[in-house]
Amino acid sequence: MGIVPQLALVSVAIFLLTYLIPGSPAAVLLGPRATPEGIAELEERLGLDQPLVVQFVEWVGGVLRGDLGTSWFGNKPVTKVISEHLLPTISLTVGGILVAILLGMSAGIVAALRPGALLDRIVGLGTATGLAVPSFWLGVILLGYLAVQLGWFPVLSWTPPSQDVGLWLRGLVLPSIAVGIAGSAVIARHTRSAMLETLAAPYVQTLRAMGTPRRTIVARYAIKNTMVPILSVIAFQLSTLIAASFVVEQVFTIPGIGTQLINAVARKDVPVVQGITLVVAAAVIMIYLLADIGYALLNPRARPQ
Amino acid sequence: MIAAVLAPVLAPYDPLSQDLRRALEGPGGDHWLGTDYLGRDVLSRLIFGARVAIQASLQTVAIALIVGVPLGLFAAYRSGWWDRVLMRLLDVADSIPGLVLAFAIIAVLGPGLTSAMIAVSIIFAMNYMRLSRALALGEREKLYIDAARVSGLTERNVLFRQMLPNMAGPLIVQSTIYMGTALLIEAALSFLGLGLDIGAPSWGGMLSGATQWQNQQPFLPWPPGLAITLTVLAYNLLGDGLRDALAGEGSIRGIRERRQARRLSSRPAASAAEIDGPQAERIALSIRGLSVAFPTDTGIVTVVDDVSLDVRRGEMLGLVGESGSGKTMTGRAALGLVPIPGLVTAGSVRVDGQEVVGSSEAELNNLRGGSISMIFQDPLVALSPVHTIGRQLTQAIRNHDHDLNASAVQDRAVELLEMVGIAEARTRLRDYPHQFSGGMAQRVVIAIALAGQPSVLIADEPTTALDVTTQRQVLDVLADLKDRLGMAVVLITHDLGVVADACDRAAVMYAGQIIEEGTVDEIFKEPRHPYTSALLAAVPTSAGGSGRLPTIPGRVPPMDALPTGCRFAPRCLHRRDVCKMGPIELTTGSRCIREDELSLPGTTPVLRKKS
């Protein structure tokens with residue numbers, strides 16, 4: 001499906017969320033002691049008195065102009081709320097996916113080289129555990145022991161890179177591990193099976209029959225072939241990883257979008273929740289698109305001739 | 001699970017009772033796992049938390065199953081417009097991570113697990129829909145659904161009674177995975193204080209409390225964290241176990257069996273018949289008493305049994321047999337390429353006088369491509385699809401010529417391609433395998449095999465995957481190169497026409513043994529084994545006038561249940577009781593005990609004209 005209709009459908013779904021609120025959002029906002037006049041006034045101010053279709057058209061029009069509305073608290077534009085906290089979230093997500101890819105692919109490859117051997121079993125156990133460990137708990141443990149007790153990493157995990165690049169990177173290590181472990185387990189499992197399949201492929205036999213050392217076969221030929229199916233796994237992990245990073249931010253007190261989202265959820269700041277959800281969905285759709293492009297780059301058969 | 005049900009009985013303390021004087025204690029006598037910041041017993045809270053966790057995961061998955069599976073079946077069964085609408089919904093669900101949707105729902109409906117987990121179950125439901133739709137589409141192809149429809153069952157009956165039981169396996173496995181995911185999402189929500197009331201015992205909530213007091217009591221985060229991890233792990237292992245059970249056997253044979261097989265294997269016999277005299281130099285490949293075995297459930301199965309062959313330079317030997325006769329495995333063993341877990345259990349393979357069996361991987365890599373090469377059946381999968389053919393060709397050159405500079409390697413690659421008859425060789429080096437036709441790709445594979453100037457080439461069904469017109473050309477290329485380079489070629493094939501066409505000598509294999517060997521003329525005109533004769537009779541000839549083509553009755557016996565005597569006896573028209581008495585030796589070129597009394601019909605090898 002094209003991106004544009006998919007984004008359109010997603011935005012409709014996100015817009016309609018607001019209308020799941022029982023009764024008037026204004027009444028919910030003002031609490032139990034609200035007067036009918038107060039509710040009416042707030043509804044007018046927020047544009048909630050307009051018919052649904054009008055509200056939707058305005059919202060979509062705003063989205064298209066890059067305007068995601070205004071927070072119900074503090075009158076801050078949603079786009080500003082997002083852009084101010086984007087850097088920590090992107091840093092953490094990129095850090096997490098790097099951990100997931102590096103750890104996951106190397107573990108998967110190592111396991112596939114000697115199926116059934118000790119290392120393969122260790123990786124099997126590790127991935128099963130990695131899938132089960134809650135990222136935020138891992139964060140709590142890493143922070144408590146490695147940062148607070150041993151002092152190997154800064155206790156304050158977030159330092160803007162503009163202030164100190166070294167500290168920014170060091171602070172990101174533990175949260176990235178916490179965010180990336182689950183993804184690394186999934187990637188390791190898929191890499192292992194894709195690698196096993198590749199190593200059994202006829203072209204690997206051809207390479208062996210011409211006397212190519214096993215090391216060269218794996219490093220120069222098998223990994224690139226294995227990457228082709230793994231790419232979509234990575235893309236899918238990236239989308240779940242974004243959600244995980246929102247929770248892990250809380251553990252490491254990183255001022256990212258997740259913190260904004262969770263605050264907004266707690267006080268029912270619907271425009272902010274809508275805006276962030278839409279941005280996440282758009283990011284996920286873009287990631288899938290990039291994965292498709294990457295697929296074409298890796299796989300010559302998918303390229304237009 | 002048990003703990004969750006029996007929580008009130010098991011828990012040593014009321015999960016809500018506080019004892020501030022005993023707050024933040026470590027594990028010990030009264031409180032096995034210690035107490036939290038309000039002095040509440042951690043073990044008791046953990047046990048009650050299990051109820052929340054397991055209830056949430058069960059509920060979520062149950063709702064998702066109830067909604068998703070019927071939708072998927074419906075989409076598959078109705079297809080068309082309904083299917084498209086449902087699939088669009090799936091795309092939307094795909095682009096919003098489950099946890100983020102749960103956040104959004106809580107923002108709208110207020111904190112609480114029920115509404116959030118319902119939202120999560122909607123996302124799961126979408127994935128169940130995808131899974132059950134795919135499964136149903138697969139099942140629908142199967143005949144029994146048609147049969148059911150014909151016999152007048154209603155649509156609903158077909159969907160629920162017939163299809164669903166067949167899809168249960170994958171759905172159950174997926175459910176165990178989702179139970180874990182649901183539990184993790186529940187824990188995350190509780191951890192963030194968006195789930196249950198903070199005072200109520202839930203693992204996520206306990207963790208959140210533990211975090212704040214971690215400095216005073218570092219043990220506090222461990223029990224709830226481990227509880228979550230172990231429960232999700234249990235779900236996942238359950239899923240893995242179910243999947244393995246449903247898939248039947250594990251795919252990879254155990255190491256134990258391989259070791260067992262290895263113990264059986266012997267080093268090559270030093271006494272392997274040495275060949276002397278002027279003949280010796282001309283023999284490029286010499287196989288003596290080669291046996292290859294595979295460990296299986298029923299024991300060790302020998303798939304190549306005591307095979308001996310000699311191939312001279314400039315000679316093409318046809319290795320003929322039905323699939324499963326062991327001809328390919330013989331070829332692979334010549335390069336030390338018997339696939340795991342198979343093993344060479346006896347015999348010797350010498351290439352240019354050098355022993356293959358028992359050689360180290362480094363020694364083998366020198367031999368492979370340098371002294372002996374192999375080309376495989378389907379050229380389109382014999383080349384890495386994501387690398388250019390130039391890359392693969394230069395790899396083959398460099399494997400045996402380490403000091404060549406880049407431009408010399410390039411020139412050699414062009415020369416090799418031209419040698420196998422590929423036009424515009426220099427530009428084609430930059431092409432990928434899929435840009436070649438089957439015949440051209442097979443020429444590339446041959447060029448790669450020749451890069452290290454081997455003296456032996458094993459060609460495993462090199463023309464089987466090609467269409468008839470290109471088969472001819474590829475055979476010509478092989479025959480031409482054999483003459484020009486003075487190579488010994490082993491042509492593995494099931495096609496006697498190909499043998500008549502291109503080979504000088506032929507060896508016929510049946511059930512792992514060579515049953516007859518001789519020159520092509522001998523074998524075709526005067527076959528001495530009934531199997532060879534039967535094979536020849538089954539070849540369509542332009543001369544052979546009318547009637548149906550004869551076939552060989554019966555089938556090749558399974559390698560783990562071979563007849564005691566002659567392996568062909570059960571299918572042989574000429575069998576006598578003696579044939580079943582004991583193993584038959586390969587005597588003067590045939591493995592038939594009645595060789596001398598039988599006069600078997602042959603045929604004239606029809607040579608197609610060289611193009």
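Because only heavy atoms are used, hydrogens play no part in the values below, and waters and symmetry mates are left out as well, while side chains stay in. A, B, ... follow the sequence lines: proteins, then strands. Residue 1 opens every chain.
For a residue to count as touching a neighbouring chain, one of its non-hydrogen atoms must lie under 4.5 Å from one of that chain's; by this rule B/Arg332 touches chain A with the side chain only. With a 4.5 angstrom heavy-atom cutoff, B/Ala449 does not touch chain A via any of its atoms. B/Leu335 touches chain A through its side chain: at least one heavy atom from C-beta onward sits under 4.5 Å away, while N, CA, C and O do not. B/Asn399 touches chain A through its side chain: at least one heavy atom from C-beta onward sits under 4.5 Å away, while N, CA, C and O do not. Only the backbone of B/Ile372 comes within less than 4.5 Å of a heavy atom of chain A; no side-chain atom from C-beta onward does. Contacts between B/Phe376 and chain A at a heavy-atom distance below 4.5 Å involve the side chain alone, from C-beta outward.
Interface remark: of the candidates A/Thr212, A/Leu207, A/Thr240, A/Thr212 forms the most heavy-atom pairs closer than 4.5 Å to chain B. In terms of heavy-atom pairs under 4.5 Å with chain B, the best-connected choice from A/Phe236, A/Tyr203, A/Tyr288 is A/Tyr203. Ranking B/Ala396, B/Pro385, B/Ala188, B/Gly452 against chain A, the residue ahead of the rest is B/Pro385, based on heavy-atom pairs under 4.5 Å.
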Salt bridge (charged side-chain N to carboxylate O under 4.0 Å, His left out) assessment of B/Glu361 paired with A/Arg208: CA-CA 10 Å; B/Glu361 195 66 19; A/Arg208 292 188 72 191; 3.7 Å; yes

Give the C-alpha distance, both sets of side-chain angles, the deciding distance and a yes or no for side-chain hydrogen bond (donor to acceptor under 3.5 Å, both in side chains) between A/Tyr221 and B/Gln395. CA-CA 11 Å; A/Tyr221 296 91; B/Gln395 178 75 53; 3.0 Å; yes

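Considering A/Ile285, A/Leu9, A/Leu7 as possible partners of B/Val92, the one that fulfils the side-chain contact (heavy atoms from CB on, under 4.5 Å) test is A/Leu9. A side-chain contact (heavy atoms from CB on, under 4.5 Å) with B/Val100 is found for exactly one of A/Val273, A/Thr277, A/Ile242, namely A/Thr277.
Without hydrogens or angle criteria, A/Gln250 side chain to B/Leu192 main chain gives no donor-acceptor distance under 3.5 Å.
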